[in-house]
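Protein chains get the first letters and strands the later ones, always in sequence-line order, with residue 1 at the start of each. Computed from a predicted model, the values in this text were never measured in an experiment.
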2 protein chains.
Amino acid sequence: MKRNPATLKDIAEKLGLNKSTVSRALKDHPDVSQKTRDMVKRMAKKLHYVPNTVAASLRHKKSKVIGLLAPQISHFFLPSVIEGIEEVVHKYGYNLLILQSKESYEREVENLDILIANNVEGIIASVSRTTTDFTHFQQVINMGLPMVFYDRVVQDINTDVVLLDDTSAAFDAVSHLISKQRKKIAICTGNINLLISRNRLNGYKSALKNYGIEYNEDYVISCEWPEEAKRKTIDLLELPDPPDAIFAISDLTLSGVMQAIYSKGLPVPNDISVVAFCEEPFRSMYNPVITAIQPKGLEIGKTSAEMLFQRIKISPFADPEPRVVYLDGQLIVGGST
Amino acid sequence: MKRNPATLKDIAEKLGLNKSTVSRALKDHPDVSQKTRDMVKRMAKKLHYVPNTVAASLRHKKSKVIGLLAPQISHFFLPSVIEGIEEVVHKYGYNLLILQSKESYEREVENLDILIANNVEGIIASVSRTTTDFTHFQQVINMGLPMVFYDRVVQDINTDVVLLDDTSAAFDAVSHLISKQRKKIAICTGNINLLISRNRLNGYKSALKNYGIEYNEDYVISCEWPEEAKRKTIDLLELPDPPDAIFAISDLTLSGVMQAIYSKGLPVPNDISVVAFCEEPFRSMYNPVITAIQPKGLEIGKTSAEMLFQRIKISPFADPEPRVVYLDGQLIVGGST
DNA sequence: ACCGGTTGTGCAACCGGTTGTTGTTGTAAG
DNA sequence: CTTACAACAACAACCGGTTGCACAACCGGT
């Protein structure tokens, strides 16, 4: 019972018209008489005509598709970002093609080609953890394809970028701990290749410096996964002079840190305080609720998409100045400090 | 500096060949001599040729794209499903176009047309909460487009379906509580319009019955959001004869339940035990780690995709028997029981 | 009857890759 | 020295919608 969807030609033949007339009629082109338009539209509805965007896309090279290149659809951050992007993309009548690089440089390169091959009109990207060479991105930009980076960005690249102001958010988080009389503050950071990790670490350092607390390398651990964070946090807590506060720079590391604290049975925040970067629904799953910086995934998604559409809508000849947008990550105080 | 990507014609002209020859050379068609193939491939690499899948798609009506129609990209369940689907889709060399219906019937219908317009080769769908008329799905199936439903399924429709065996998983969860000497077991269920909620409630009831425990309506609350769950759970805990165990049927309700328990300061599992349907990374964010049924989002995603590809790969004339696959939601014991 | 201008529609090329068919070589068999 | 048939490459149509241009029909004005 395979039945192909109706095409312009089908409508044209039924009505004894040419497909070009049908095409124009359906988009209310003024060249076509009102009578013909009505006739065509009625027939189109009757045949349940769905215009083939693939064909249209081939012709005018506009696919109405935006590509999203993400490292991983993890549970914590990306869903918020996608939600934000999707909202804007839908508003503009576009669709979203999502590809994961799975933190692999090769897949990232491959995925960029896939997006190009699919005639996407713009790309929103976050860089894989293992990527150190960024020429593939630069090539795409040189092709004139609008591109916006979020979260994990490429330095010295000639396009828009949306970020959390990580350094100052981290500064605020650590300052908050200090205001609660904490002096022995540990940080659980991520893969130090990532700008995010470095920036958050820098915010941590400058907060310490600002309040005259000495930076202690023993209090710095770097972890990519909860298990690693748990293990290394336990090591921290077993130091002769253990920290009295921990700053976890992501939801994933936070999970490990809290498991470690739970396992040692330490009361929070009495024996140890905790702050983290953590999305809203997750803060309150811990006991006590975590004092956290909002990573603002939703806003990052929305902003990236809006900036991308600004680039798409303007003439391809105009090459707007690359913009860097910093969003403020607000600190929300919970019971953990 | 707008530069369009190289096409077959570009390569052909540079080499004094015809584009058809170039096309065949690139796919190692035996009609083309080895020498020509090498020459073409070298030139293709040099020009960074990326085949335009849109054009190919138009020709042979294979877009290498699968459509995913989901109600909402929430944090808890869908990311796992997407991850699973993506893995399989990538394995087959396909891509994923994701659309959200946002629980709206109109958007669901619209999204189906978008998927068709994009020549998707198959659709994986979960039905919106507000959809009561399913003819749009049936139309798509009649067009011969392979389709698989997961999680929220359409009854009496002529295609494959992937589900968790909710009833028996809920039965197991409650039986586990009973085996831990719990007799006053409350349930925090979801929107009772959803089959899922009803099935999990039924599993709960039959477990009680099976062990001769009387069903008590005071112990049944129905909640859609964490706040609601928290409020109603507090009411439960303040009953003259409060429950000694709670069964939360989703991550969202679990979050509210735990907040309530935390706020009352009740020791878990001593005063109150907790089981829930909860994805892996979230169980261990609670203290103690929650005993939970795995909703198996990843497996549901993988299975749906695999079943879809089975339908895609077989001849379109063969119309395989619709299959219903139930996945077992395994109970993983944590410290909460 | 003749002209300039509008209106509505048809024709054909095009986007870029695919594919059935045809055409041109070269080589070996008869 | 034909004839036969590979082997290889060119040609052209096609997918379905879009779009510049041609063209026919019709209008009122001279």
Side-chain angles (χ1 to χ4, degrees), chain A residues 2-41 43-44 47-65 113-114 116-121 143, chain B residues 2-41 43-44 47-65 113-114 116-121 143:
Chain A
K2 182 89 168 178
R3 187 161 40 84
N4 285 330
T7 69
L8 283 187
K9 213 172 106 194
D10 297 333
I11 300 178
E13 280 170 2
K14 293 244 179 205
L15 297 174
L17 290 170
N18 186 282
K19 62 176 183 167
S20 62
T21 305
V22 174
S23 168
R24 284 189 256 255
L26 287 173
K27 29 188 42 140
D28 281 319
H29 194 294
D31 277 4
V32 179
S33 70
Q34 191 60 51
K35 211 177 65 188
T36 310
R37 284 190 227 170
D38 293 343
M39 193 171 67
V40 167
K41 284 183 189 169
M43 182 58 74
L47 300 181
H48 191 78
Y49 169 72
V50 178
N52 184 327
T53 53
V54 171
S57 157
L58 178 60
R59 178 65 226 254
H60 55 220
K61 298 185 164 196
K62 300 231 180 308
S63 56
K64 293 273 177 192
V65 174
D113 281 348
I114 292 176
I116 293 170
N118 280 282
N119 271 7
V120 298
E121 291 183 50
M143 277 173 56
Chain B
K2 181 89 169 178
R3 187 161 42 83
N4 285 330
T7 68
L8 283 187
K9 213 174 105 194
D10 298 333
I11 299 177
E13 280 170 2
K14 292 247 180 204
L15 297 173
L17 290 171
N18 186 282
K19 62 174 185 168
S20 63
T21 306
V22 175
S23 168
R24 286 190 250 254
L26 287 172
K27 26 187 45 132
D28 282 318
H29 193 291
D31 276 4
V32 179
S33 70
Q34 192 61 51
K35 214 176 61 185
T36 310
R37 284 190 225 172
D38 293 344
M39 192 171 67
V40 167
K41 284 182 188 168
M43 181 59 73
L47 299 181
H48 191 79
Y49 168 73
V50 178
N52 184 326
T53 52
V54 171
S57 156
L58 177 60
R59 179 63 227 254
H60 54 222
K61 299 188 163 192
K62 298 232 178 310
S63 56
K64 293 270 176 193
V65 175
D113 279 349
I114 292 176
I116 293 170
N118 280 282
N119 270 7
V120 297
E121 292 182 48
M143 276 174 57

Heavy-atom closest pair (Val120(B) atom, Ser63(B) atom, distance to 0.1 Å) is CA-OG, 3.5 Å
Can you tell me the pairing partner of dT22(C) across any strand shown, Watson-Crick or G-U wobble, with both distances under 3.5 angstrom? dA9(D)
At 4.0 Å (heavy atoms only), tell me whether Lys27(B) reaches a base, stays on the sugar-phosphate, or touches nothing. sugar-phosphate
State, to 0.1 Å, how close Val50(A) and Asp113(B) come at their nearest heavy-atom pair, and which atoms those are. CG1-O, 3.6 Å
DNA chain D: Arg59(A) or Thr21(B), which has the more 5' nearest nucleotide? Thr21(B)
Closest of dA9(D), dG10(C), dC11(D) to the Asn18(B) side chain is dC11(D)
If we call it a pair only when both distances are under 3.5 Å in a Watson-Crick or G-U wobble match, what pairs with dG28(D)? dC3(C)
Distance-only donor-acceptor test (3.5 Å): side chain Lys9(B), base dG16(C): no
Looking at every heavy atom in both Asn118(B) and Val65(A), which two are closest together, and how far apart are they? OD1-CG2, 4.4 Å
Donor-acceptor pair present, Arg24(B) side chain and dG20(C) base, under 3.5 Å: yes
Any base atoms under 4.0 Å from Lys61(A), or only sugar-phosphate, or nothing? Heavy atoms, all strands. sugar-phosphate
Taking atom P of dG10(C) as reference, at what distance in whole Å does atom NZ of Lys19(A) sit? 13 Å
Which nucleotide in the list dG8(C), dG17(C), dG17(D) gets nearest to the side chain of Ser23(B)? dG17(C)
What is the distance from CG of Asn52(A) to C1' of dG16(D), rounded to the nearest Å? 6 Å
Return the value, rounded to whole Å, for the distance between atom CG of Asn119(A) and atom C1' of dG17(D). 14 Å
Heavy-atom closest pair, residues Ala117(A) and Pro51(B): CB-O, 3.1 Å
Between Ser33(B) and dA9(D), does any side-chain N or O lie under 4.0 Å from OP1 or OP2? yes
Roughly how many Å is it from NE2 in His29(B) to C1' in dA10(D), rounded to a whole number? 14 Å
Check: Thr36(B) side chain, dC8(D) base, donor-acceptor under 3.5 Å: no
Residue matched to dA22(D) through Watson-Crick or wobble contacts both under 3.5 angstrom: dT9(C)
At their closest point, which heavy atom of Glu121(B) faces which heavy atom of Lys64(B), and how far apart are they? OE2-N, 2.6 Å
The residue, Asp31(B) or Val50(B), whose nearest nucleotide of DNA chain C is more 5′ is Val50(B)
Walking DNA chain C from its 5' end, the first of Pro30(A) and Ser20(A) to be reached, judged by nearest nucleotide, is Pro30(A)
